[in-house]
Amino acid sequence: MQWGFRWYGEQDSIPIEHVAQIPGINGVVGTLLNKLPGDVWEIDEIKTLQAQAAKKNLTVLGIESVAVHDAIKAGTDERDQYIENYIQTIRNLASCGINLICYSFKPIFGWAKTDLFYENEDGSFSLVYDQKVVDHMEPSQMYQLIHSQSKGFKLPGWEEERLKKFDALFALYENVTEADLLENLRYFLMKIIPVCEEVRVKMAIHPDDPPWELFGLPRITKNLKDLQTILGLVDSSYNGLTFCTGSLGADPANDLVQMIESVGDRIHFVHFRNVAYLGERKFKESAHLSTEGSLDMYAIMEALVKARFDGVIRPDHGRTIWDEVAMPGYGLYDRALGISYLQGLHEAILKGGDHDAR
Ligand SMILES: [Mn+2]
């Protein structure tokens, strides 16, 4: 297992020196924030990101995300050009020694929340999702809501350039069904996975957050059945998963341990976070500890160990605590507490049982 930390390069509010001070960290999972879906990531740009991490002896363990252009997801005539660009990015990353790409295949909304600064009883702040709020919203209002609460930070998945054309974007998916979206994913994977096999880059699709339909748009990464379907589209270990506990775990019907037991051999990347159920389709992103949320983090970690997971793992969103000024969910302090807790769980499980050390 490699312990990572999401880091947005020198535009991140957290200096790499602080990331490097987290005990037991192996590297960062980075991105190029200036890239729009469809752009080719050039080698010199990737190397710049690596050099920024290398200043503190951290490697770039993987990328999240290389965003997939809407033409590919919606299956329009221009998709082949954008797939060519994507393949070029895969080759460029491989040539820099990066062999893990997290991506998602969701129309318009990569993730959605209804409050980015929900105040907890202890004065900390969490991200919250409440379906009742969404039910009274137009899709474009979700974009406005997220932007109004971003505190000036660029939020991945909510690129202004892309969402300025919101109405056109929404119209693009008007007649796209779940079956269409899945077929468009299959088309994409059929083109890219042979290249991934050649250059040894693992693709890891991220689940829906929240894992249910939003504004009538099709969603295909919500539950175990969906994940199994996707893995079956192209039967290659390079066609794999990002197991995001907080995304999948927001639906109490998803049994995360069972999911790991079923598809664990295709999990390349883990996002580890807890959620607290507040009601029907309402939850908040809690602190990482089992006692703070609704998920049994020990059981999830144990399932990963049993599945011999040996990919990259990182703490996912944390709360905003100690007056930190940071991108919602991506402050240093609570994620650092989170990773230390996860490392403790991991060590205890390894030393308490007869599992192979990873
Ligand atoms: Mn995630």
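Read the numbers this way: they start at 1 and go in the same order the structure lists the ligands and their atoms. Here the structure is a predicted model, which means the values were calculated and not measured.
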Legend entry - Centroid-centroid distance, Tyr129 to Phe283, less than 6.0 Å: yes
Inset, instruction - Could you pull out the atom name of the N/O/S atom in Asp316 that is nearest the Mn ion (ligand 1)? - result: OD2
Inset, instruction - Taking the Mn ion (ligand 1) as the reference point, name the nearest N/O/S atom of His206. - result: NE2
Legend entry - Interatomic distance, Asp208 atom CG to Ser247 atom OG [nearest 0.5 angstrom]: 8.0 Å
Legend entry - the Mn ion (ligand 1) to His271: nearest N/O/S atom name: ND1
Legend entry - salt bridge (Lys or Arg N to Asp or Glu O under 4.0 Å) involving Asp12 - partner list, sequence neighbours excluded: none
Inset, instruction - Considering only Ile, Leu, Val, Met, Phe, Trp and Tyr, and joining two whenever side-chain heavy atoms are under 4.5 Å apart, list the other residues clustered with Val29. - result: Leu61, Leu100, Phe269, Val312
